[in-house]
Amino acid sequence: MQCPAWTVESPPYSLGILAAILRAAGHKVKCFDFNIATYNYCKSQGASVPEGITSESWIMDQRGNVWYEKESVSAFVKNHHKFIESMVDEIGAFESQIVGFSTQSTSKFFSLALAARFKEKKNTTPIIFGGPLVFKNCYGPDILKDHAFLDAISFSEADTALPAFLDLFEQSGFLQPVPGFAVRSASGEITVGNEPGVVDDLDKIPYADYTDFSGEHYTKQLIPIATSRGCINRCAFCAESPHWRRFRRRSAENIVREIIMQLGQYPQTNEFWFNDSLINGDIAMLEELCDLIISRGLKIRWGGQAMIRKEMNVSFLKKMKAAGCYLISYGVESGSDAMLKLMRKGYAAALAERVLHDTHAVGIDVIFNIMVGFPGEDDKRFRETKDFVRRCRQYASHIELPTYLLLKGSFVFNHLEDFAIAPVDYSNEDWQLNWKTKDNTNTYQIRKDRWAELWRLVGSPQS
Ligand code: B12
């Protein structure tokens, strides 16, 4: 199941993939999207929801912060007891031998609350958490220590690991720490399995199966699909790229076959979102994909995240537009060359400016990210970024302004000395947010002030 908060624009991709894989392996599976159910429930409650979580909480600016507050989620669970119980009963009615939650940082407290309640009612059914919340660069196996009602986690790609885990469970009746899993044994001991290999041939993964979800419940008729896993870059702040290890991509032919299959299954929509870290990791494949979409006359619309690279020129972008691309979200991060170098982005600000201009010029909607307060940012470099934003905001329909978070598994995390970061107090729950440089020129307060300055420049981040 997927708990709130996650995207309400489409069914959850990871559940679609896992359902397809498990059904192909002969398992009986049922997916529950409690995220969309809760969103629609909150909408139906209108303004009467008293304790902070409303249908606006799915908008990930300050309004989305409630999902990171344990008290807000607990209050919601308490005040909407009947609704929560109806979800617990829905899971119970399926009588499954194992229950799994797909989890992200935003769905942490809700997933924990629902899992705890389910365990109270059906204490013999093992509960597994998977997804980025429990990747080793985030919570990892520690979540088992902190929450006794959880029986296992999947901390990596689960495409081959989950079927292996279930097969062993079926044969032995016990949860076993196959590669990619950490389990709590009957005696309470936690055992962490080895690192699993990555899925090398993505063409072998079955197409996502969304048959358990009904499209009309979502705010958009979007079909999530992915063309690749991982990233070709290793930006210094990023934990996502090291997590997925190698960049891998599907073949253009295989992707087009899935697009045709999904269109047949869901004729009411023609809109796809590419759930890749980046859609332009392999330019030759992306070009072949565009050529196939055009030559087969597929009338679709699609978007995704992309990196700034010189190959994103007018003629290539025109081809992407002709193949249905309507939106690209670029991780630009800074307008200062010195900062881009420290971040290991591999391009200069002038190239970013050219790519943003060209994307907008060919008629593709642009979103870009600017990261505030990466270590090394001083007043001069911040001013350069501000000037960049001032020049480039005309090309974008939306600019995202995350403040820099220190992430486990990232290059910076492994080289704190090189970035002059003061010793981190890991006992402090918000150390990722609250780190500072040794000379105190980059503190949480300074980052918040800089964020506010940029925010005033771009207007409301949701505009
Ligand atoms: C695409 C994407 C989005 C899209 C989703 C579009 C859509 N229609 O689905 C959009 C743009 C909407 C989005 C939004 C956000 N996102 Co996002 N997103 C991604 C991205 C790039 C891909 C997700 C994906 O589909 N991956 C591919 C699938 C196959 O991988 P997966 O979900 O991890 O699942 C695999 C395994 O984890 C495992 N697994 C998953 N679940 C389970 C469950 C069980 C039981 C088991 C056994 C295994 C298992 O099996 C799967 C197959 O191997 C990831 C980064 C990444 N590359 O993964 C970030 C990511 C998931 N997003 C993230 C975040 C923070 C957000 C936002 C909160 C950002 C924001 N502040 O706005 C919002 C939340 C939206 C909301 N309203 O709540 C974070 C989550 C961090 C964390 N530690 O939890 C990630 C990891 C990015 C990052 N590096 O920080 N996102």
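Note that ligands are numbered from 1 as they come in the structure, with each ligand's atoms numbered from 1 the same way.
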Would you mind checking which non-hydrogen protein atom is closest to [atom], with the distance to 0.1 Å?
{"atom": "atom 30 (O) of ligand 1", "value": "W244 CH2, 3.5 Å"}
{"atom": "atom 31 (P) of ligand 1", "value": "S14 CB, 4.1 Å"}
{"atom": "atom 91 (N) of ligand 1", "value": "W6 CH2, 3.5 Å"}
{"atom": "atom 20 (C) of ligand 1", "value": "N275 O, 4.5 Å"}

Please report whether [atom] has a protein non-hydrogen atom at a separation of less than 4.0 Å.
{"atom": "atom 85 (C) of ligand 1", "value": "no"}
{"atom": "atom 76 (C) of ligand 1", "value": "yes"}
{"atom": "atom 17 (Co) of ligand 1", "value": "yes"}

Quiz item: Taking the six-membered ring for Trp, is the centroid-to-centroid distance between W6 and W58 below 6.0 Å?
Solution: no
Self-check item: Check: F155 ring centroid to F135 ring centroid under 6.0 Å
Solution: no
Could you work out, for [atom], the closest of [options] by heavy-atom distance?
{"atom": "atom 43 (C) of ligand 1", "options": "F101, F129, Y218", "answer": "F101"}
{"atom": "atom 37 (O) of ligand 1", "options": "F135, F155, W273", "answer": "F135"}
{"atom": "atom 36 (C) of ligand 1", "options": "S154, P12, G304, S156", "answer": "S156"}
{"atom": "atom 56 (C) of ligand 1", "options": "K220, K408, E240", "answer": "E240"}
{"atom": "atom 45 (C) of ligand 1", "options": "A152, S105, G100, S107", "answer": "G100"}
{"atom": "atom 73 (C) of ligand 1", "options": "M60, R229, Q104, E157", "answer": "M60"}

Exercise. For T219 and E9, test the side chains for any donor-to-acceptor distance below 3.5 angstrom and give the result as yes or no.
Key: no
Practice problem: For the residue pair D430 and Y444, confirm or rule out a side-chain donor-acceptor distance under 3.5 Å. | Solution: no
Test of proximity, [X] against ligand 1: N or O pairs below 3.5 Å:
{"X": "A158", "result": "yes"}
{"X": "Y68", "result": "no"}
{"X": "D159", "result": "yes"}

Exercise. Mind running side chain to side chain contact (heavy atoms under 4.5 Å, CB included) on R246 and D200 for me, showing each step along the way?
Key: CA-CA 9 Å; R246 278 198 310 283; D200 275 318; 2.4 Å; yes
Quiz item: Got a second to check how far W431's CH2 is from D425's CG, nearest 0.5 Å?
Solution: 11.0 Å
Quiz prompt | Option among D151, I91, L114 that satisfies the side chain to side chain contact (heavy atoms under 4.5 Å, CB included) test with I127 | solution = D151
